[in-house]
Student: 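Below: one structure in structure tokens.
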Amino acid sequence: MVAPGDAFQHYFWGENNAGYDVLLTNMKQGVSAAKEFHDILRERANYEEAFSKSLRRLSDKTTSISAVGTFLPIWGVIKKYIDSMSKIHSDYSTKIRELCSEIGAYKTEATTKAGKLIKEQNVVLRTE
């Protein structure tokens with residue numbers, strides 16, 4: 001039982017600094033999770049951009065179609081719809097890339113901080 005005046009740090013670390021291993025594992029998993037999330041978002045942005053380009057090519061095809069009769073007005077509506085969807089997917093791709101760069105910056109910062117903390121803790125553990 002922990003006495004009210006005792007510090008948490010004396011009980012967390014345990015024998016042979018077992019608490020340090022828990023923290024180190026969590027820190028490493030956090031960095032790798034940020035990398036995986038970054039990679040997934042980057043891939044998603046690539047898919048959105050590719051889909052946007054495909055829609056633009058499809059829209060270009062609608063301008064070369066020669067429509068006759070009552071079907072002519074619908075081609076204008078279809079072209080506007082496809083252009084609109086292409087722009088939405090292009091904008092979405094841009095937003096994902098912005099988020100991706102922010103996550104990349106966080107990942108880099110977290111990796112740097114984790115490395116510094118690990119080095120500092122290894123020095124402290126060796127001196128104790």
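For this chain, numbers begin at 1 and follow the sequence in order.
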Student: Among Ile, Leu, Val, Met, Phe, Trp and Tyr joined by side-chain contacts under 4.5 Å, find the other residues sharing a cluster with Ile96 and list them by chain and number.
Tutor: Phe37, Leu41, Tyr92, Leu99, Ile103
Student: Heavy atoms only: give me the nearest Ser52-His89 pair and the separation to one decimal.
Tutor: CB-CB, 4.0 Å
Student: With sequence neighbours excluded, give me every side chain to side chain donor-acceptor pair (under 3.5 Å) pair touching residues 98-112.
Tutor: Glu109-Lys113
Student: Donor-acceptor check, side chain of Ser86 to backbone of Ile82, threshold 3.5 angstrom: yes or no?
Tutor: no
Student: Which residue pairs satisfy the salt bridge (charged side-chain N to carboxylate O under 4.0 Å, His left out) criterion with at least one member in residues 36-46, sequence neighbours excluded?
Tutor: Lys35-Asp39, Asp39-Arg42, Arg44-Glu48
Student: Is there a path of hydrophobic side-chain contacts, each under 4.5 Å between heavy atoms, that joins Met85 and Ile78?
Tutor: yes
Student: Sorted by first residue and then second, give each salt bridge (charged side-chain N to carboxylate O under 4.0 Å, His left out) pair with at least one member in residues 50-63; sequence neighbours left out.
Tutor: Glu49-Arg56
Student: List the residues meeting salt bridge (Lys or Arg N to Asp or Glu O under 4.0 Å) with Lys87, not counting sequence neighbours, and say none if there are none.
Tutor: Asp91
Student: Applying salt bridge (Lys or Arg N to Asp or Glu O under 4.0 Å), name anything that partners Lys79, two or more places apart in sequence or on another chain.
Tutor: Asp83
